[in-house]
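The chains referred to below are lettered A, B, ... by the order of the sequence lines, with proteins before strands, and numbering in each begins at 1. Hydrogens, waters and symmetry mates are skipped; everything else that's a heavy atom, side chains included, is used.
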2 protein chains.
Amino acid sequence: MTDVNFKNQSDRIPSPDEKARFGGPAQEPDELPYDLIELLFFAYRDFTSDPDDVLAQFDFGRAHHRVLHFVDRNPGIKVTDLLNILRITKQSLGRVLKQLVDQDFIEQRPGPLDRRQRLLFTTGKGHDLAVRLSRLQTKRLERATMDLPDGAADAVRQFLFQMIDPDARPDVAKLVRLPSQP
Amino acid sequence: MTDVNFKNQSDRIPSPDEKARFGGPAQEPDELPYDLIELLFFAYRDFTSDPDDVLAQFDFGRAHHRVLHFVDRNPGIKVTDLLNILRITKQSLGRVLKQLVDQDFIEQRPGPLDRRQRLLFTTGKGHDLAVRLSRLQTKRLERATMDLPDGAADAVRQFLFQMIDPDARPDVAKLVRLPSQP
DNA sequence: AGAAATAAGTCAATATGACTGACGTAAATT
DNA sequence: AATTTACGTCAGTCATATTGACTTATTTCT
């Protein structure tokens, strides 16, 4: 047994009933770009798998990664804004944030203007981890964009951006600091 | 308060300490394509949100969706192959699969050659739901690819494909039935 | 100055999706 | 006949998320 993922899936024999009910896998007229749906699934699955291994060493999960990433990228971000980016509840954030703070990956400082706020910053340690994780994802992204035709990387950017809910796009554009977004 | 997602994130004032420690958000030399990392996150977040709403009406979650999707697309798939596609354990699959079978979205038939196998098929009802969910994702994908330059959609396909672990690519290519993969 | 709104944290209870490890059964393979 | 395979299942656990209610401190509004 190799460690290849799913092998003999094509060895299957369709049952008679199946042949009756299904006109082959793409019985919906090929209008449906199933391939993109599935490619996105697999691409994202593997995209998140690199950091997972490192995070496991710290007893962290993906939730920690997301928090760490956006805090590192947006030093001084407010809890409320982080909640809206991640689209999770205060309670969900609270747990992972507490762990990150307790273990000295993130620190909180009262807002200088509004002292109710607890602005979030990565510590040196937190920043290092954030960068380390980003590098992993970056490597994969670079490998994936490397041998694309000229300008294709920008097409990918545009595609991904347009996959986002229209009303969320302005905020994402700001957050992501897109090189040029019309 | 509008229902826009994360607004005043750019209104924050960097603390003195922050300015000392951070040379701005992109202190890592711009080698790191942070934008792609984040765009992928947001794109995938919204990509999965459309089906989620429908699934909730049936008391299903994303796990059900994935199973339903791959069974619908690969009628007669074996449990083992499905496990390898989804990269989850038998127990995790078991729970959601049981619910889908009990509620008549998926049916199991003994393999005609190997009677140990329980080949999986969507029922009419299951197929309808699968298509309905795919259409939602399809719409978003079409909107996103629509105004891309010529050939850009293929660049996106290639990009996504190359984001996948190299050793998983042959299997994905087979499964996804890519139009043309060199 | 007092009332209302906001930022953040917290409590309790719950759900979902995942995990490990062990075991059982039927059927196929050697 | 022994072993392997395909699948299912039991028991226990964990991580991540949810809702709703409540507290505290602080700011803003009137």
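- Rounded to an integer number of Å, the gap from Leu55(A) CG to dC19(C) P is 17 Å.
- In this structure, Leu93(B) atom CG and dA6(D) atom C1' are separated by 13 Å, rounded to whole Å.
- Here dG8(D) presents its C1' atom at 15 Å from CD of Gln117(B), a figure rounded to the nearest Å.
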Restricting both atoms to N or O, compile the protein contacts to nucleotides 23-26 of chain C shorter than 3.5 Å, with distance only.
none

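- In this structure, Leu113(B) places its CG atom 15 Å from C1' of dT29(C), rounding to the nearest Å.
- For Asp150(A), the CG atom is loosely surrounded, since the number of other residues' heavy atoms within 6.0 Å does not exceed 12.
- Between the side chain of Arg109(B) and the backbone N or O of Leu119(B) there is no donor-acceptor pair closer than 3.5 Å.
- Looking at heavy atoms from C-beta onward, Arg140(B) lies in side-chain contact with Asp165(A) at the 4.5 angstrom threshold.
- Closest approach to the Arg95(A) side chain among dA15(D), dT20(C), dG17(C) is made by dA15(D) (side chain taken as heavy atoms from C-beta onward).
- Ring orientation note: the planes of His65(A) and His69(A) are nearly perpendicular, at an angle over 60° on the 30°/60° scale.
- Using a 4.5 Å heavy-atom cutoff, the side chains of Asp50(A) and Lys139(A) are not in contact.
- Residue Leu86(A) contributes atom CG, which lies 13 Å from atom C1' of dT16(D) at whole-angstrom precision.
- Among the atoms of the strands shown, none is found under 4.0 Å from any heavy atom of Gln99(A).
- Taking the side chain as every heavy atom from C-beta outward, Leu129(B) and Val54(B) approach each other to under 4.5 Å.
- Residues Phe159(A) and Phe159(B) are not in side-chain contact: their nearest non-hydrogen atoms beyond the backbone lie 4.5 Å or more apart.
- Between the P atom of dA12(C) and the CD atom of Gln91(A) lies a distance of 13 Å, rounded to the nearest Å.
- Between Tyr44(B) and Tyr44(A), the ring planes are parallel. Angles under 30° get that label, and only those over 60° would be called perpendicular.
- Contacts between residues 58-66 of chain B and DNA chain C, defined by a heavy-atom separation below 4.0 Å, involve Gly61(B), Arg62(B), Ala63(B), His64(B), Arg66(B), listed by number.
- Taking a cutoff of 4.0 Å between a charged side-chain nitrogen and a carboxylate oxygen, Arg157(B) and Asp154(B) qualify as a salt bridge.
- The phosphate of dG17(C) has neither OP1 nor OP2 within less than 4.0 Å of any side-chain N or O from Ser92(B).
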